[in-house]
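First the structure, in the form of structure tokens, and then the observations on it.
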Amino acid sequence: MNEPGVDYDARLAALAAAFAQSLPDKRAAIARSWRAWQAGDAAARGELQALVHRLGGAADNYGYVALGVAARALDTALIPRLEAGPDAVAVAVAALLVAFDQPPEAI
């Protein structure tokens, strides 16, 4: 049921704008975690996976389909039991960082 006087389109637009504005910070955090993990910080792997897991879940909601796909691919590559290997993870990280530069798709 809709609440009287609530402009849901405006609320959604505001959420989408906030998400778009947060993308540079999300990209920087992912790149930082990736570099830290590559430098030997074992905890950074978990941070990286948490970041991309959340991004993969949220991106589609705001029309960033390619970004969501790339984030979920990296999230999957980081699942320990799947053993994607360092080369596959590096490729997935690179693809995700490129996807940040893609505009949102029309939904």
**Q.** Approximate separation, where rounding is to 0.5 Å, of Glu105 CD and Leu67 CG
**A.** 8.5 Å

Q: Could I get the full list of ring-ring contact (aromatic ring centres under 6.0 Å, His included) partners for Phe100, not counting sequence neighbours?
A: none

Q) Which atom names give the shortest non-hydrogen contact between Tyr62 and Ala16, and what distance separates them? A) CD2-CA, 3.5 Å

Q. Tell me, which pairs form a side chain to side chain donor-acceptor pair (under 3.5 Å) where one or both residues lie in residues 29-45, sequence neighbours left out?
A. none

Q) Would you say Phe19 and Leu23 make side-chain contact, with heavy atoms under 4.5 Å? A) yes

**Q.** Side-chain heavy atoms of Ile30 within contact of Leu55, under 4.5 Å
**A.** yes

Q) What heavy-atom pair brings Ala44 and Ala36 nearest, and what distance separates the two atoms? A) CB-CB, 3.6 Å

Q: Name all residues meeting the side-chain contact (heavy atoms from CB on, under 4.5 Å) criterion together with Ala17; count only those two or more places apart in sequence or in a different chain, and write none if there are none.
A: none

Q. Within a strict 4.5 Å, meaning less than it, do heavy atoms of the Lys26 and Leu51 side chains meet?
A. no

**Q.** side-chain contact (heavy atoms from CB on, under 4.5 Å) between Leu74 and Gln49, intermediate numbers included
**A.** CA-CA 8 Å; Leu74 176 53; Gln49 187 159 23; over 6 Å; no

Q.
Are Tyr64 and Leu97 linked, directly or through intermediate hydrophobic residues, by side-chain heavy-atom contacts shorter than 4.5 Å (ILVMFWY only)?
A. yes

